[in-house]
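A quick write-up on the structure given underneath.
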Number of protein chains: 2
Amino acid sequence: MSTSKPFHHGDLRKELVSVAREVIETDGIDALSLRGVARQAGVSTAAPYRHFDSKEKLLAEVARQGFEDLHDALDRGGQSPDPFQSLLDQSMAYLGFAMANPRLYRLMFASHIDKTKHPDLMEAGERTFAVLQARFDPATDPHAAARAIGCWGLVHGLASLAIDNQLDAHVQTDGGPHMRAILEPLVRALMAH
Amino acid sequence: MSTSKPFHHGDLRKELVSVAREVIETDGIDALSLRGVARQAGVSTAAPYRHFDSKEKLLAEVARQGFEDLHDALDRGGQSPDPFQSLLDQSMAYLGFAMANPRLYRLMFASHIDKTKHPDLMEAGERTFAVLQARFDPATDPHAAARAIGCWGLVHGLASLAIDNQLDAHVQTDGGPHMRAILEPLVRALMAH
DNA sequence: ACCTGAACACCGTTCAAGT
DNA sequence: ACCTGAACACCGTTCAAGT
């Protein structure tokens, strides 16, 4: 009883982020309360405020980590020597991450968080986009910027629709061949000329 | 004092929806409380429950009306005789609606609402998608379904990114020529063969 | 049939006080 | 330096009671 509790060995901040991420992926963001997170971490209601200015700051940190994970997934997904195949694989990796972490992905693009108020989060998002951006070379392609944005919009849109079960009636959303068939002609167009 | 209040002539339901939509577009969805809506409508805290089972039901009705408006915007946007031009115009109309009603558009695709629990909302969403779907004829094109979904994903993704100010650093998001330049090659690919 | 008042079980956030 | 206890001003939802 007199010994300190086993978790958060002086690292309550880390513990809060970890609990929050778990709650989000399990029960959804609307089910997450800062008080509940504190409860699960075994601390008082006010304790989180020693580490985060607000609930939003905690959510922003969870989202930031999400972008880092997505960034890694994209890196791993684009290794084919064939540029077209590589971008297609990378797009599928993007969709795979979103579908494997639907509520985290939603949070990363959620309205709850004003990105301009969280520079770390914004930077993580930019770094992730940069992976797609690197696929298009402005030196040899005058439309490189437009293509990169088109690519991001496409995969983000399909990911969002799939996550929200908006496609259930129209397509097999388990990341299987149907999704690839949807992407193929569009990714090809992005690589044309 | 003995005469009834001027608004909601027995139509509190309509008044609640109208107030809710206003609050959402003005202050954002996180700022909307059912108690606040009741207050603005001049009724008691419990009154909305005579017309909606829950806050979520009210939000679902606002979202449903949003889909009807988007549906109309798409209808008006696709009148050109040239099929390619028509689909491009329609895509721009989609983006225009989202950017003119950002918080409403977010609500329409928000995680706050489980669409499977609100058949009216789901149906309105399907009817809107059907406008895009009608652009592709399964009788003459074996990939009609895939193209329609690709098109929806593309415009939805670009709309979402634009709304969340994710594109500010990379593109002019006022619906001007830049957005059109992004869409053009992809819409062309959707119409190919 | 439609609305109110009061209550219940929650929130996010603050702040003096403890160690 | 880090955490607690108690408080403030809110929530969504329910339910007996009023007209």
Side-chain angles (χ1 to χ4, degrees), chain A residues 1-24 26-63 107 110-114 117-118, chain B residues 1-24 26-63 107 110-114 117-118:
Chain A
M1 276 299 234
S2 66
T3 58
S4 64
K5 284 161 198 160
F7 39 67
H8 79 80
H9 336 70
D11 209 345
L12 177 55
R13 188 191 151 89
K14 210 174 205 165
E15 175 71 9
L16 291 170
V17 174
S18 144
V19 169
R21 177 159 178 173
E22 223 176 281
V23 171
I24 286 164
T26 309
D27 302 318
I29 190 159
D30 284 349
L32 181 143
S33 78
L34 199 47
R35 291 171 98 111
V37 170
R39 223 148 36 217
Q40 275 194 57
V43 293
S44 77
T45 282
Y49 287 91
R50 291 299 113 202
H51 301 276
F52 296 96
D53 288 345
S54 62
K55 180 183 176 180
E56 191 181 329
K57 288 272 187 200
L58 172 58
L59 293 180
E61 173 57 18
V62 174
L107 173 68
S111 60
H112 309 274
I113 311 173
D114 180 0
K117 284 198 218 149
H118 308 274
Chain B
M1 276 301 231
S2 66
T3 58
S4 65
K5 285 162 196 157
F7 40 67
H8 80 80
H9 336 72
D11 210 346
L12 178 55
R13 189 191 151 88
K14 210 173 204 165
E15 176 71 10
L16 291 169
V17 174
S18 145
V19 169
R21 177 158 177 173
E22 223 176 281
V23 172
I24 287 165
T26 309
D27 302 319
I29 190 160
D30 284 348
L32 180 142
S33 78
L34 199 47
R35 290 172 99 112
V37 170
R39 223 146 38 216
Q40 274 193 56
V43 294
S44 77
T45 281
Y49 287 91
R50 291 299 113 201
H51 301 275
F52 296 97
D53 288 347
S54 63
K55 180 182 177 182
E56 191 181 329
K57 288 274 186 198
L58 171 59
L59 292 180
E61 174 57 18
V62 174
L107 173 68
S111 60
H112 308 274
I113 311 176
D114 179 0
K117 285 200 217 148
H118 307 275

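These numbers were taken from a predicted model, which means no experiment stands behind them. To find a chain, count down the sequence lines: A is the first, B the second, and so on, and within it residues start at 1.
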With sequence neighbours excluded, what pairs up with [X] under the side chain to side chain contact (heavy atoms under 4.5 Å, CB included) test?
X	answer
B/Ala63	B/Leu107, B/Met108, B/Ile113, B/Leu121
B/Ala47	B/Leu12, B/Val43, B/Ser44
A/Ser54	A/Glu56, A/Lys57

Just the rounded figure in Å: distance from [atom2] of [N] to [atom1] of [X].
X	N	atom1	atom2	answer
B/Asp30	D/dC11	CG	P	13 Å
A/Asp11	D/dC2	CG	P	10 Å
A/Phe52	D/dC2	CZ	P	13 Å
B/Leu12	C/dA1	CG	C1'	13 Å

**Request:** State, with a plain yes or no, whether a side-chain heavy atom of A/Val19 is found less than 4.5 Å away from one of A/Arg21.
**Result:**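 When only atoms from C-beta onward are counted, A/Arg21 and A/Val19 do not touch, as no gap falls below 4.5 Å.
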Tell me the closest heavy-atom pair linking [X] and [Y], and the distance in Å.
X	Y	result
B/Ala20	B/Val62	CB-CG2, 3.9 Å
A/Ile29	B/Ser111	CG2-OG, 4.4 Å
B/Leu34	B/Pro48	CD1-CB, 4.1 Å

**Item:** Contiguous pairing runs of three or more, Watson-Crick or G-U under 3.5 Å, that involve DNA chain D
**Value:**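 Runs of three or more consecutive pairs: C:4-8 with D:12-16, C:12-16 with D:4-8.
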**Asked** Restricting to pairs with a member in residues 26-37 of chain A, which pass side chain to side chain donor-acceptor pair (under 3.5 Å), not counting sequence neighbours?
**Response**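 Pairs touching residues 26-37 of chain A that pass the test: A/Asp30-B/His112.
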Where do N or O atoms of nucleotides 12-14 of chain D meet protein N or O atoms at under 3.5 Å, pair by pair?
unit_1: D/dG12; atom_1: OP1; unit_2: B/Leu34; atom_2: N; d: 2.8
unit_1: D/dG12; atom_1: OP1; unit_2: B/Lys55; atom_2: NZ; d: 3.2
unit_1: D/dG12; atom_1: OP2; unit_2: B/Leu34; atom_2: N; d: 3.1
unit_1: D/dG12; atom_1: OP2; unit_2: B/Arg35; atom_2: N; d: 3.1
unit_1: D/dG12; atom_1: N7; unit_2: B/Arg35; atom_2: NH1; d: 2.5
unit_1: D/dG12; atom_1: O6; unit_2: B/Arg35; atom_2: NH1; d: 2.7
unit_1: D/dT13; atom_1: OP2; unit_2: B/Tyr49; atom_2: OH; d: 2.7
unit_1: D/dT13; atom_1: OP2; unit_2: B/Lys55; atom_2: N; d: 2.9
unit_1: D/dT13; atom_1: O5'; unit_2: B/Tyr49; atom_2: OH; d: 3.0
unit_1: D/dT13; atom_1: O4; unit_2: B/Arg35; atom_2: NH1; d: 3.4

